[in-house]
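Notes follow the structure.
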Amino acid sequence: MPHLPTLLLQIGVILVASRIVGFLFRKIHQPQVMGEMVAGILLGPSLLGWVAPGVFNALFPPESLGFLNSLSQIGLLLFMFLVGLELDPKILRGRGYTALVTSNVSIIAPFLLGTLLAFYLYPRLSDDSVTFTGFALFLGAAMSITAFPVLARILTERNLLRTPLGAIAIACAAVDDVTGWCILAGVVLIVRATGAATPFWLTLIGLVIYVLVMFFLIRPSFHKLEGLYEKRGRINQNMLALMLLLVLVSAWVTEWLGIHALFGAFLAGAIMPKKYRFVHALTEKLNDAAVVLLLPIFFAFTGLRTSIGLVSGVEMWFYCGLIILVAIAGKFGGSTIAARITGMPWREAGALGILMNTRGLMELVILNIGLDIGVISPALFAMMVLMALITTFMTSPILEWVYLRRALPQPLGTTVGEMTEGFPEAGTAE
Amino acid sequence: MKAFLHYIVLVGIPVLSVIVFLQIGENSLTAPASVGGKWQLEPILAEGNQVCTDFLFNDEEPRLSISQSGVYLALSFNDEQQTTLSGMLTERTLTAETSEVSLMATIDRDAEPDRLEGTLTIASCETTLSLSATRQPELAQTSGGH
């Protein structure tokens, strides 16, 4: 049984820290979620555990972390469901080619550079319990992710969502998200398949059957739910319970198949009906509890696993710098060049590259999966958390400097799907 | 046609390159031996030197935890002070030290479970003790979660 007073105290401290640091970060024109991520790190061994080890050990005794982890996982499941819910193929309408090429290049370029970087890092920062393929694939996948929710928030705050740049960026991020999660599912499958009791082909067949059932059996049923919502004008508790049950069952199936529960939650959101009013109503029901209460717990749990002290010495900081450099070069460089080749002016292409370089909390989700399955070491985890923080932090000021001060965005009118109007609220960690 | 060529150059070729690089890496690279996890320390042969080891092994079940990041290691004893040493792994030899304690050991991967054999030097005692440890199998594989 969890020691309830300790758990309540932990959640209270996490909530206060995330709101205060989030508020301070908003003052410097950073998204709230950036502050919450930093608050998580500050509560971990990197700061609190370092300056006040007694307080840290009393507040986060090792035996209590299992309960905190369970809560953070529930929060993540809900959050991933909301991220899937936000994805709407309509946002690709009219910009399919640019979005597809830019998005695909913005994935494959950092993936390729990540694989090359693995040649250097594998003999230095990995061990022989991990195969080179697993290590390189994971590094590539982690380098190529874009934080769709954080990107949506930045675009909204900067009034860019209805500009051609914003529309392309959000479409690219949507394609990136789906592709990135598919790649990661494959990577987890490959890594976990090593030494697993279930043969790889059996897991793969199970996965294909599961996806087909979700799209061709479950999805039509939930479209009927949307009709019910239209008739009643609200989502009642039974409808909500049914949708939450789908999230839990879907998450359980993917976890059982050996991928990860988060993929199931994401797919449950992706197959939901996409009419704006329905998505908005469902998001309103879930968003606040997931984003305000449970997500900061995930950030704190990530912070508790992040020991920046492990990155010590010139060599380790060199590796860390190299990871950050490669991540930026791959994502920013790849997106910019692809956007330019598909016809965007240099400035817009550069701005798109900067936006796509935002990794945010999606990176933290992936890194936690990597640490869980043992494909990255604690020190590499800390380095990549730093990379996620830096690439997210740099987006707003560099965008301001490169693009916003020099070019007035031209409004796009109403061609962006109505779905995107919901971004400020919809599943978005502020 | 131009769009198709763009796609092949920008996406197709890099995808093929990744596949080739993965194959090359798998066949040519080796990573350091895995030593991360918990190790059960066996009683140290320290005739007449009980006082030297007491501060490190005052627990009934003395353990050594190794956090591994490739060749870089952080070793922690489960004593009251949570004595921690930074170390390196060179092939099968593990070395770690602080100003007070230094450790040198070799990992035996052929033993079942893995074993560490080596020496522990405690500066204040001006003595070198032999050290043996057995890897705790259930914690040997992963470093976190689940």
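Just so it is clear: chains get the letters A, B, ... in the order the sequence lines come, proteins before strands, and each one is counted from 1.
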(message) As an exercise, state the distance from CD1 of B/Ile122 to CD of B/Glu100, rounded to the nearest 0.5 Å.
(response)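 Answer for the CD1-CD pair, B/Ile122 versus B/Glu100, is 7.5 Å.
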(request) Using the six-membered ring wherever Trp is involved, compare the ring planes of A/Phe60 and A/Phe56 and label them parallel, tilted or perpendicular (cut-offs 30° and 60°). (result) tilted
(message) To check you understand the geometry: which heavy-atom pair defines the closest contact between A/Tyr122 and B/Thr30, and what is its length?
(response) CE2-C, 4.0 Å
(request) Give, as side chain, backbone, both or neither, the part of A/Leu116 having an atom under 4.5 angstrom from any heavy atom of chain B. (result)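 Just its side chain gets close to chain B.
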(request) Would you mind checking which part of A/Thr133 comes under 4.5 Å of any heavy atom in chain B, side chain (CB onward), backbone (N, CA, C, O), both or neither? (result) both
(message) Can you tell me which of A/Ser307, A/Ala379, A/Ser126 forms the most heavy-atom pairs within a distance under 4.5 Å of chain B?
(response)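 Ranked by heavy-atom pairs under 4.5 Å with chain B, first place is A/Ser126.
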(request) Sort out for me which of A/Thr342, A/Leu380, A/Ile341 touches chain B most, counting heavy-atom pairs under 4.5 Å. (result)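 Counting heavy-atom pairs under 4.5 Å, the top option is A/Ile341.
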(message) Looking only at heavy atoms and a cut-off of under 4.5 Å, which of B/Val11, B/Val35, B/Leu89 has the most pairs with chain A?
(response)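 Maximum pair count with chain A is reached by B/Val11.
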(request) Would you tell me whether B/Thr134 and B/Gln40 have side-chain atoms, one donor and one acceptor, within less than 3.5 Å of each other? (result) no
(request) Could you tell me whether A/Arg124 sits above the aromatic face of A/Tyr120, with NZ or CZ closer than 6.0 angstrom to the six-membered ring centre and within 45 degrees of the axis? (result) yes
